[in-house]
A.B. asks: 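Next up is a structure, given as C-alpha cells.
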4 protein chains.
Amino acid sequence: MGAVKNKRMPRAVREQQMLDAAVRTFGQRGYRAASMDEIADLAGVSKPLVYLYLNSKEDLFTACIRREAAALTAAVRAGVHPGLPADRQLWEGLRAFFTHTAQNPDGWAVLHLQARTHGEPFAAEVTAMREELVAFVTQLIAVAAREAHRDPSPAERAEHEVAGLAEALVGAAESLAAWANTTPGVSAKQAAATLMNFAWAGLGNLMDGRAWAPPKS
Amino acid sequence: MGAVKNKRMPRAVREQQMLDAAVRTFGQRGYRAASMDEIADLAGVSKPLVYLYLNSKEDLFTACIRREAAALTAAVRAGVHPGLPADRQLWEGLRAFFTHTAQNPDGWAVLHLQARTHGEPFAAEVTAMREELVAFVTQLIAVAAREAHRDPSPAERAEHEVAGLAEALVGAAESLAAWANTTPGVSAKQAAATLMNFAWAGLGNLMDGRAWAPPKS
Amino acid sequence: MGAVKNKRMPRAVREQQMLDAAVRTFGQRGYRAASMDEIADLAGVSKPLVYLYLNSKEDLFTACIRREAAALTAAVRAGVHPGLPADRQLWEGLRAFFTHTAQNPDGWAVLHLQARTHGEPFAAEVTAMREELVAFVTQLIAVAAREAHRDPSPAERAEHEVAGLAEALVGAAESLAAWANTTPGVSAKQAAATLMNFAWAGLGNLMDGRAWAPPKS
Amino acid sequence: MGAVKNKRMPRAVREQQMLDAAVRTFGQRGYRAASMDEIADLAGVSKPLVYLYLNSKEDLFTACIRREAAALTAAVRAGVHPGLPADRQLWEGLRAFFTHTAQNPDGWAVLHLQARTHGEPFAAEVTAMREELVAFVTQLIAVAAREAHRDPSPAERAEHEVAGLAEALVGAAESLAAWANTTPGVSAKQAAATLMNFAWAGLGNLMDGRAWAPPKS
DNA sequence: AATGAATGAGGCTTCATTCAT
DNA sequence: AATGAATGAAGCCTCATTCAT
C-alpha cells in the first residue's frame, strides 16, 4: 500500500494521494485495464472514499489528466528564462520537457498515450495542453525571426503547418527519449542536443523560405 | 455485418475477414474496450469460430499487429526506387508511409496507439517493425552522406548520432501520421512535405559539421 | 433451485423459466429488493444468461409486466360468455379476475403493487392493461342499461359518469384481489360475491335515476 | 436543502424536519430507492444526526408510517360531525379522506404504496390504521341500520365481509382519486359523489338482506 | 466448416452504517 | 447538538471463453 491505512486525513490530502495512485495505475495499466480496486488499494483507502471524492472512473481519469497537464506546462514555463536568445530558450524548454517527462513517466504516459487512446471526454483535455505548448513554441519562432532581422511573415504560415511542426517535434522528442533510455552510453542531454540539431536548422530554413521542394510528380 | 453470414468459406479467407474486423474494432475502440462479440459480429461469424481460428483475444491482437506491421513496411519499401538520389528516396519513403497510414487509419491506430498502450506481449511486435524502419532510414542517411562527396569524417561521427537522427525522424513521422489522420484538411502529401522540410536541412547541416552546440552549463 | 441446472434448452423455454422466476421474485421482494442473482438462481441459470436473453433488470421487469398483464386480460375475456345477461357476464368476469389473481398472487403483486410503485417506464404498461379492463366494464354497463328496458335517457348521462363507475369498479376489484390474496379464508368466489353485492345495487339505482345527492355545502 | 444548516435546534424540531424529508423522499423514490444521504440532505442535517435521532432506515420508515397514519385518521375523524345522519357522516368522512390524501400525496404514497410493497415490519403498521378506518365505517353502518329501524343483525356479518367492503371502498376511492386527477372536467367533489352513489345503495341493500345472489354453478 | 447455449470472474458503483471529534 | 472521514457488503452488468452438436 502506498500510505498508512485508516488514518483520518483532510480531504485535500487524500485527494492528492488518490490522484498519485491513479496516475501511476492509469499510466502503467491503461485506462481500461486499471481497476478502481487497484487504485484505491494503492492510495491506501477504500473504494467508496475514492468515489466520494472523485465521483467516477471517468472523472478520476479527467482529474489526472488535468493535474498532469498543468504540471507539465508549468515545468516547461519554469525552465525558460525570457531574457535569453530564442535558440537558447528553445533549448531550455526542451530540457525542461525532457526532464519533467523523464521524472514523471506515468504522468507522461497518461497524457501522451492513455488520454489520446480513449475517446472524447479525454482527448480534449490533452488538446488544450498541447495548444498551450504549441503557442509557446510558435511565439519562440516569432522571436527567433525578429532576432534574425527577418520579416515576421513566417508567423503567417497556416496554423496547421505550425501545428504539424509541433507534432513532429514532440514525436521526435518522445522517440529520442525512449531511445536514450534504452541505449547505453546516450544521456538525456545528448538526446536533447540531437533533437536541437535535428530541428533548429530546419526551422531556420523554413523561416528563410528555403524550404525543401517536393518533386512535382 | 461485414460479410454474408453462414456461407462456407475456406479458412484463409475467413481469417482475413476476422482480421479485418479485428483491426477495425481494435483501432476504433482500443484493445480492452473491443469485445470479441463485436469483432465476431463485424466479421459475420460466430464467436467460437474466431476462437477456433485465432485462439484468444491476445493472439488475435498479435495477429493484427503482425499483419499491419508487415503491410506498412512492405508499402514503404515498395514506394522507394533504389536508383534515385537519397533525398528523393527519403521523400518517396515518407510519401509511401503517410499514404499507407492515411488509407489504413485503423491499422495505424493499432500499431501506433493500441499496441504501445498495452503491455509486453504487444509492444515487442511494434518494436521489431520500428527497428526495420529505423535501419532503412539509417542506411539512407549514409547514402546521402556519400552522395554529398563529403570527406568520410562525418561518417565517423559516433554511430549513435546517426542512429539518433534516424530515431528522431521515425518518431516524428509516426507522430505526424497520427496527427494527419485526425486533422481534417491535412493530406498525406502535405504531411510528408512538412516532415521533409523539417528534417532535411537539419540533416544537411549535420553532415556539414554545422551542428548546433548546446551551452556548457 | 427451480429447475435442473446446466441442461441445454431452447431459448424460448429458458426465457419462460426466467420470467417465472422473475415474477415470483419481483412479486415477493419488490423491484428494488429483488436481486438478479436471486432471480437467476431461482431460474436455474447463471446471471449472464439472464442478461443475454432479457437485457437488463428494467427490461426483465417490463417483460414480466407485459406477460402478466396479457395473461390477466386473457383470463377475464375467456371467462365471459357473450350470450348471457349482463349481470351474469359481470359476475363471470369478476370470478375469472379473482380466480386468476388468486392463482397468480405474484403476478398480481407485480401488476398491482410493484409496477405502480416504481416510476415511469413501468406504470404505463399497467395503465394500458387497466384501460382495457375499464373499457370492458364500461361496455357491460351499457349492455345492462339496454337490457333493463329503461328509456335511453340514462345512457345520456355524462359519459364520464359511466367511466367513473367503471373506474370505481375496477379499482375496487383490484384492491379486493390484493386483500383476498393476503387474507386467509377468503376465496376468490367470496371476493367476487362481495364486490357484486357492493356494486350491483348501486349500478341499478343509478340506472333508475335514484342517485344519492350530495349536500349543497 | 430544506432547512437552514448547522443551526442548533431542539431535538423535537429536528426530528420533524427529518420526518418531513423522509416522507417526501420515501413517497417519491420508494423505500429502497430512497437513500439516507438524500434524506439527510433534504432535512438539512448530516447523516450521523439522522442515525442519532432515528436509529436506522427501518426505524425511520416506521416513524414515517406512524406519523402519516395518525395524521390521516385524525383528519378523517376531524371531518366528521357525530350528530349528523349516517349518510351525511360517510360523505363527510370521504371528503376529508380525499382532501387529506390530495394534500399529502407523499404521505399517502408512503402509506398506500410503499408500506404495503415492502415486507413485514411495515405492512403491520398500515394494517393497524386500516383497521381503525374499517372500524369507523363499520360503526357508521350500524348507525345507519339503527336509523332505518332495521334490526342490527347486519353488524353480525362475518368480520371479513365488512373488511372486504372497506377494502373495496378504499380501492374504489383511490382509483377515483387518480382518475379524477388525470381526467379534465372531473372535480374531486364529483368523484366523491360518484363513489357515494356507487357505494350507498349497495350498502343499503346489503343491510336489507337484498343481496345479489350468485348463480349456483 | 460452423454455431446456439452457457458460465466464472471481475469491474464499476451505491448504500447503510459507524468512528472520532 | 452536530459533523467530516471512512468502510463492508452488495448490486448491476460485461466479457473472454468453452461445450455439445
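Convention: sequence-line order gives letters A, B, ...; per-chain numbering from 1. Bear in mind that the values here come from a model prediction, so they are computed numbers and not experimental data.
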A.B. asks: Where the side chain of C:M36 is concerned, which of E:dT7, F:dC12, F:dT3 is the nearest nucleotide?
C.D. replies: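 The nucleotide sitting nearest to the side chain is F:dC12.
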A.B. asks: Is it the case that F:dT3 (base atoms only) and D:K47 (side chain only) share a donor and an acceptor within less than 3.5 Å, ignoring hydrogens and angles?
C.D. replies: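 Counting by modelled atom types and ignoring angles, no donor-acceptor contact under 3.5 Å is found here.
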A.B. asks: Contacts to DNA chain F from residues 114-124 of chain A, heavy-atom cutoff under 4.0 Å, which residues?
C.D. replies: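 Contacts with DNA chain F under 4.0 Å: none.
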A.B. asks: Check whether more than 12 heavy atoms from other residues, nucleotides or ligands sit under 6.0 Å from atom CZ of B:R130, and answer yes or no.
C.D. replies: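 Result for CZ/B:R130: enclosed.
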A.B. asks: Does the side chain of B:D106 come within less than 4.5 Å of B:V23's, by heavy atoms?
C.D. replies: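 Yes - at least one pair of side-chain heavy atoms lies under 4.5 Å apart.
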A.B. asks: Does F:dG11 have OP1 or OP2 sitting under 4.0 Å from an N or O in the side chain of D:R32?
C.D. replies: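 Indeed not, no polar side-chain atom of D:R32 lies that close.
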A.B. asks: Identify whether any heavy atom of C:R11 sits under 4.0 Å from a base atom; if not, whether one sits that close to sugar-phosphate; answer base, sugar-phosphate or nothing.
C.D. replies: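 Since only primed, P, OP1 and OP2 atoms lie under 4.0 Å of C:R11, the category is sugar-phosphate.
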A.B. asks: Classify C:A34 by what it touches in the nucleic acid, base, sugar-phosphate, or nothing, heavy-atom distance under 4.0 Å.
C.D. replies: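 Sugar-phosphate, backbone atoms only, no base.
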A.B. asks: Closest to the A:P48 side chain: E:dA16, E:dA2, E:dT14?
C.D. replies: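 Nearest listed nucleotide: E:dT14.
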A.B. asks: With pairs defined as Watson-Crick or G-U wobble and both distances under 3.5 angstrom, please note down DNA chain F as a dot-bracket string, | for pairing with another strand.
C.D. replies: .||||||||||||||||||||
A.B. asks: To the nearest Å, how far apart are C:M9 CE and F:dA20 C1'?
C.D. replies: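 My rounded result for the distance is 16 Å.
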A.B. asks: Rounded to whole Å, please give me the gap between CG in B:D59 and P in F:dA16.
C.D. replies: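 It is 14 Å, rounded to the nearest whole Å.
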A.B. asks: Is the shortest side-chain N/O distance from D:Y53 to OP1 or OP2 of F:dA2 below 4.0 Å?
C.D. replies: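 D:Y53 to F:dA2 OP1/OP2: side-chain N or O found under 4.0 Å.
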A.B. asks: Less than 4.0 angstrom between a side-chain N/O of D:Y51 and OP1 or OP2 of E:dT17, yes or no?
C.D. replies: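 Checking D:Y51 against E:dT17: at least one side-chain N or O falls below 4.0 Å of OP1 or OP2.
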A.B. asks: Is any side-chain heavy atom of B:R116 closer than 4.5 Å to one of B:H112?
C.D. replies: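 In contact.
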A.B. asks: Rounded to the Å, how far apart are B:L49 CG and E:dA1 P?
C.D. replies: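 Nearest whole value for this atom pair: 9 Å.
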A.B. asks: Looking at D:R66, I'd like to know if its CZ atom is crowded, meaning that more than 12 non-hydrogen atoms belonging to other residues, nucleotides or ligands lie closer than 6.0 Å.
C.D. replies: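 No, because the 6.0 Å sphere around CZ of D:R66 holds 12 heavy atoms or fewer from other groups.
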A.B. asks: With A:V110, which of A:F122, A:Y31, A:F61 fulfils side chain to side chain contact (heavy atoms under 4.5 Å, CB included)?
C.D. replies: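 It is A:F61; the other options fail the test.
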A.B. asks: Please report the distance, rounded to the nearest Å, between CZ in B:R8 and P in E:dA1.
C.D. replies: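 Between P of E:dA1 and CZ of B:R8: 8 Å.
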A.B. asks: For the pair made of CG in B:D41 and P in E:dG4, what is the distance, rounded to whole Å?
C.D. replies: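 Result: 11 Å.
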A.B. asks: Side chains of B:L60 and B:Y53: closer than 4.5 Å at any heavy-atom pair?
C.D. replies: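 The answer is no; the side chains never approach within 4.5 Å.
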A.B. asks: Find the distance A:E58:CD to E:dG11:C1' and express it as a whole number of Å.
C.D. replies: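 Result: 15 Å.
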A.B. asks: Give the nucleotide from the list F:dA2, E:dA16, F:dT3 with an atom nearest to the side chain of D:R14.
C.D. replies: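 So the nucleotide nearest the side chain must be F:dA2.
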A.B. asks: Run the side-chain contact (heavy atoms from CB on, under 4.5 Å) check on A:T25 and A:I39 step by step: do they pass?
C.D. replies: CA-CA 6 Å; A:T25 309; A:I39 292 171; 3.7 Å; yes
A.B. asks: Considering only heavy atoms from C-beta outward, does the side chain of C:R24 approach that of C:D20 to under 4.5 Å?
C.D. replies: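 With C-beta onward as the side chain, the pair stays apart.
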A.B. asks: Crowded around C:R67 CZ? As in, over 12 foreign heavy atoms under 6.0 Å?
C.D. replies: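 Buried by this count: over 12 neighbours within 6.0 Å.
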A.B. asks: Just how far, in rounded Å, is C1' of F:dG11 from CZ of C:R29?
C.D. replies: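 For the pair C:R29 CZ and F:dG11 C1', the rounded distance is 14 Å.
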A.B. asks: Which is more 5' along DNA chain E, the nucleotide nearest A:D37 or the one nearest D:S35? Just name the residue.
C.D. replies: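 Taking each residue's closest nucleotide, the earlier one in sequence belongs to A:D37.
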A.B. asks: Using atom CZ of D:F61 as one end and atom P of E:dA16 as the other, report the distance to the nearest whole Å.
C.D. replies: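 Taking atom P of E:dA16 as the reference, CZ of D:F61 is at 13 Å.
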A.B. asks: Output the single nucleotide from F:dA16, E:dT13, F:dA5 whose closest atom is nearest the side chain of A:S56.
C.D. replies: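 Selected nucleotide (nearest to the side chain): E:dT13.
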A.B. asks: Can you tell if the side chain of B:H118 reaches within under 4.5 Å of the side chain of A:R29, non-hydrogen atoms only?
C.D. replies: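 B:H118 does not reach A:R29 side chain to side chain.
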A.B. asks: Pick the closest DNA chain F nucleotide for A:P10 and for C:K57 by heavy atoms, then say which residue is nearer the 5' end.
C.D. replies: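 Result: A:P10.
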A.B. asks: Would you call C:T117 and D:L113 a side-chain contact if the rule is heavy atoms closer than 4.5 Å?
C.D. replies: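 Yes, side chains in contact.
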A.B. asks: Would you kindly compare C:L52 and B:V50 by the position of their nearest DNA chain E nucleotide and give the one closer to the 5′ end?
C.D. replies: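 The residue whose closest nucleotide sits nearer the 5' end is B:V50.
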